[in-house]
Number of protein chains: 2
Amino acid sequence: MNQRKVISFENIRVACKSCTLSQLCLPMGLCAEDVERLDSIVKRSRPLHRGDHLFRGGERFRSLYVVKTGSVKTYAPSEEGGEQVLGFHLPGEIIGLDAIDQSCHACSAKVLETSAICEIPFQRFEELAASIPSLQHQMYRLLSKEISQDTDMLLLLGKKNAEERLAAFLVSMSKRLSKRGLSATDFYLSMSRHEIGNYLGLAVETVSRLFTRFQDEGLLKVDRKHVQVRNLTALENMAGTPPSATHQQHSN
Amino acid sequence: MNQRKVISFENIRVACKSCTLSQLCLPMGLCAEDVERLDSIVKRSRPLHRGDHLFRGGERFRSLYVVKTGSVKTYAPSEEGGEQVLGFHLPGEIIGLDAIDQSCHACSAKVLETSAICEIPFQRFEELAASIPSLQHQMYRLLSKEISQDTDMLLLLGKKNAEERLAAFLVSMSKRLSKRGLSATDFYLSMSRHEIGNYLGLAVETVSRLFTRFQDEGLLKVDRKHVQVRNLTALENMAGTPPSATHQQHSN
DNA sequence: AACTCAGGTTGACATGGATCAAGTGTCAGG
DNA sequence: CCTGACACTTGATCCATGTCAACCTGAGTT
C-alpha cells in the first residue's frame, strides 16, 4: 500500500510502535498487534507551523489530534475578539475530546510552534476500541484524566491568587516536560505572556510582574521565554499542591 | 406548592426502562433489550439524606453514581478546612467520571437533600459497554459533555465578573431543571449561598448582594432558597451566553 | 413565648490585581 | 544602520470584590 518514506521526515512520522510517547498516549497497555491496528488508522500530516489551526470552533468534529512534537493551544473564541485560553498541549496529549458529545468543535486549536500532529479519525477509532478492551479502557482513562485536569484548573481559578496561579503553571510545565524526557528546571515556554495570563485569568502585566518578582526572590532565572527554575520546591509549596498531597501524580 | 414532588418518590426504585430520565442518562439510544442488560448491573440503594456522602476524596473508585432524585454536590477538600465546590448534580447526571483515571476519588460527593442514587459498578459497566456499541458511544458522549461543561466553567471563572457568574449559574439551573420537566422560572435551590459563592469563586456576601440587586432590578423574586425568574432573557444576556451563540444547546 | 443558632443580609472599609500609560528591548525588513 | 512593530516591563492609579463586623430572620428547642 503506502510507500515507505525513508527520508528526513521519518523521525517525525514514526509509527506508534516506535514512538517515544507510546506510554503517555493511546497505545499504553496495548499488545504489539493491537498497536499495529491502531497505527493503521492514524493519519500523519506534514508538520504544521506557528499559527496554523488544527480546527476552529464551529467545525464538524471528525478526528482527535495528538501532539507528537511541538505544542498547541486550545482556546474558546468569545463574541467580539476576546478569547479564553483553555489549555496548552504538549507531546502525547490528546486534543478534541470535548467535541465528541456535540460532534462539533466548541473551541479552536492553534499550534504555537512548528509541530507534528497525529490525527485519529474518531469513527474508525470507536470501531477499533469496541474490539480492543484495553484500548477502550485507556480511552476512558484519558477522558477521565482530562476531567481531573479541568477540575484542578477550576480549583486554581476559583481559589488561588495570582502568585499561586503562576507557580502552579510553572510547576505543571516543569512536571510535564520532565515526564517527556526534557529538563524539569530549564525550558523554553512556547506561549506568550499574554497567553499565559489569559490562561490563568490574569492580566499580562500581572504575569510580567510576577516573573520579575520570582526572579528577584531567586526562584527563577528568566530571559524572555527561557525559564530556569532555581527552587522547584518553593514553587510547589507556593502552588499549594505538594506532590504528596494527592495520592498519585497524574498530570499527563 | 411543592413541585419537587413531581420527580420525587414514585421514581425511586424504578428500573431504567421506566425511568423518566432515560433520555438524559446512560440508556439513551439503547434498544429495550440492552436497557435490560444495563439495568441488571445497576444497584439502587435506599434514599440518602442531606449530608450523606456517596464517596470521599481518597477512597478507591469502584462505581459511578447517577442522581435519580434530589441533588448532590461534589467538592475538592483542600488542606485545612477549605473546599472548592466543583459542581451541583441534578437527576440524570453522572458523578465520579474524574476518578476513572486514577482508580481513586480525588473529590468528595455529598447529597444536598434526600436523594435517590443509582450505583453503577464500573468494571461490570466497562464489560457491558464493550459488547454494546451504542452504550460505549453514549459513555464517550457523557465523558465528553463533562469536559465541555468544565470548559464552560473555566471560561466563567477566568473571564466573567460577579454579576455574570451569578446570572450564568441561574440560567444554567433554569435550563437544567426545565429539561427535567420542572419550571424554568420557579424553583428551589438546594444549596446554600455559601456553596453557591464557593462554586462561583465569590464571597457569600457578594452572592447575597447580587441576589438583592437582581431582585431590585426586577430580574428575580427571591425568598431564601425559592427563586422566581422574572426576566430570563435579561439573565441570559447578562450571563454572556446567548442561547443561539453555540450551535446546539447541550447543558445536561 | 423566649432562647438559640445557623444562614443570610447589609454596611464600612481594605486591597489585589486590573487598567491606563509610558517606556524598553528585540527582531525583521528595507 | 535605521524603522516600525510587537512583546514585554514598569510605574501610577482605580475599582470590583474580598474581608470584617454587626445585625436580622426563621426554624427548632426549651
Side-chain angles (χ1 to χ4, degrees), chain A residues 49-51 73 78 81-85 88 110 112-113 156-170 188-217 220-227 238 240, chain B residues 1-2 49-51 73 81-85 88 110 112-114 156-170 188-217 220-227 238 240:
Chain A
H49 299 291
R50 174 168 180 78
K73 80 164 179 185
S78 72
E83 65 181 53
Q84 169 72 37
V85 174
F88 301 112
K110 191 193 270 197
L112 290 169
E113 60 191 315
L156 181 146
L157 291 174
K159 288 278 173 304
K160 298 189 179 174
N161 64 24
E163 154 184 310
E164 294 164 335
R165 292 183 196 193
L166 187 63
F169 170 73
L170 290 168
Y188 286 79
L189 297 172
S190 57
M191 67 296 289
S192 68
R193 299 285 191 269
H194 184 85
E195 286 164 326
I196 295 172
N198 188 312
Y199 176 59
L200 297 175
L202 299 172
V204 202
E205 294 91 330
T206 304
V207 174
S208 180
R209 277 186 252 270
L210 284 170
F211 269 117
T212 306
R213 208 180 87 204
F214 285 179
Q215 177 158 257
D216 292 347
E217 293 171 350
L220 301 176
K221 179 89 173 53
V222 190
D223 177 36
R224 308 202 116 235
K225 314 218 148 177
H226 183 193
V227 175
M238 192 180 275
Chain B
M1 58 187 307
N2 192 343
H49 298 293
R50 174 168 180 77
K73 81 164 176 182
E83 64 180 55
Q84 168 72 39
V85 173
F88 301 112
K110 191 194 268 195
L112 290 169
E113 61 190 315
T114 301
L156 181 145
L157 291 174
K159 288 278 173 305
K160 298 188 180 177
N161 64 23
E163 157 184 308
E164 293 164 336
R165 293 182 195 194
L166 187 62
F169 170 73
L170 290 168
Y188 287 79
L189 298 172
S190 57
M191 68 294 292
S192 69
R193 299 285 191 269
H194 183 86
E195 288 165 324
I196 296 172
N198 187 312
Y199 176 58
L200 298 175
L202 299 173
V204 201
E205 294 93 329
T206 305
V207 174
S208 181
R209 277 186 252 269
L210 283 170
F211 268 117
T212 307
R213 208 180 87 203
F214 285 179
Q215 178 159 256
D216 292 348
E217 294 171 351
L220 300 176
K221 180 89 173 51
V222 190
D223 177 35
R224 309 201 118 235
K225 312 216 150 180
H226 184 192
V227 174
M238 191 179 277

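Atom set for the values below is all heavy atoms of this structure, side chains included, hydrogens, waters and symmetry mates excluded. Lettering of chains follows the sequences in order, A, B, ..., and the numbering in each one begins at 1.
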### Message
Can you classify the ring geometry of F169(A) versus Y199(A) as parallel (below 30°), tilted (30 to 60°) or perpendicular (above 60°)?
### Response
perpendicular
### Query
Rounded to the nearest 0.5 Å, how far does CG of L202(A) lie from CG of L210(A)?
7.0 Å
### Query
To the nearest angstrom, how far is N198(B) atom CG from dT17(D) atom P?
17 Å
Distances under 3.5 Å only, N/O to N/O: pair up the protein atoms with those of nucleotides 3-8 of chain C.
| unit_1 | atom_1 | unit_2 | atom_2 | d |
| --- | --- | --- | --- | --- |
| dG8(C) | OP2 | R193(B) | N | 3.1 |

#### Entry: Option from V227(A), L166(A), V222(A) for which side-chain contact (heavy atoms from CB on, under 4.5 Å) with F214(A) holds
L166(A)
### Task
Write down the distance between CG (L189(A)) and C1' (dA7(D)), rounded to a whole number of angstrom.
14 Å
### Message
I need the CG-P distance between L112(A) and dA7(D), as an integer number of Å.
### Response
13 Å
### Minimum-distance pair of heavy atoms, taken over all atoms of T206(B) and A162(B)
CG2-CB, 3.9 Å
### Message
Determine whether a donor-acceptor pair (N or O, by modelled atom type, separation under 3.5 Å) exists between the side chain of R193(B) and the backbone of R224(B).
### Response
yes
### Task
Kindly say whether, by distance alone, the side chain of E205(A) makes a donor-acceptor pair under 3.5 Å with the base of dC8(D)?
no
### Task
Tell me what G201(B) touches on the nucleic acid: a base, only sugar-phosphate, or nothing, going by heavy atoms under 4.0 Å.
sugar-phosphate
### Message
When the axes are fitted on five pairs at both termini, how much does the helix from dA1(C)-dT30(D) to dG30(C)-dC1(D) curve, in 10° steps?
### Response
30°
### Task
Give a yes or no answer on whether the side chain of R50(B) reaches the backbone of T114(B) with a donor-acceptor pair at less than 3.5 Å.
no
### Task
For the pair R209(B) and R213(B), evaluate side chain to side chain contact (heavy atoms under 4.5 Å, CB included) and give the outcome as yes or no after the intermediate values.
CA-CA 6 Å; R209(B) 277 186 252 269; R213(B) 208 180 87 203; over 6 Å; no
### Query
Roughly, in whole Å, what's the span from CZ in F211(A) to P in dC8(D)?
10 Å
### Task
Take the protein atom NZ of K159(A) and the nucleotide atom C1' of dT17(D), then report the distance between them rounded to whole Å.
14 Å
### Query
Where do V207(A) and H194(A) land on the side chain to side chain contact (heavy atoms under 4.5 Å, CB included) test, with the steps shown first?
CA-CA 8 Å; V207(A) 174; H194(A) 184 85; over 6 Å; no
Pairs: protein N or O with nucleotides 12-16 of chain D N or O, under 3.5 Å:
| unit_1 | atom_1 | unit_2 | atom_2 | d |
| --- | --- | --- | --- | --- |
| dA12(D) | N6 | R209(A) | NH2 | 3.4 |

### Query
Can you check the H226(A) NE2 to dC8(D) P distance for me, whole Å?
16 Å
## Note on the structure
note: D223(A), atom CG; dT26(C), atom P; distance rounded to Å ~ 8 Å
### Query
In whole angstrom, what separates R213(B)'s CZ from dT10(C)'s C1'?
15 Å
## Note on the structure
Heavy atoms of G51(B) and K110(B) approach each other most closely as O-CG, 3.5 Å
### Query
Is it true that E83(A) and K73(A) have a side-chain N and a carboxylate O under 4.0 angstrom from each other?
yes
### Task
Between dA18(C), dG11(D), dG18(D), spot the one nearest the side chain of T206(A), thanks.
dA18(C)
### Task
Decide yes or no for L156(A) and E164(A): does some side-chain heavy atom of the first lie under 4.5 Å from some side-chain heavy atom of the second?
no
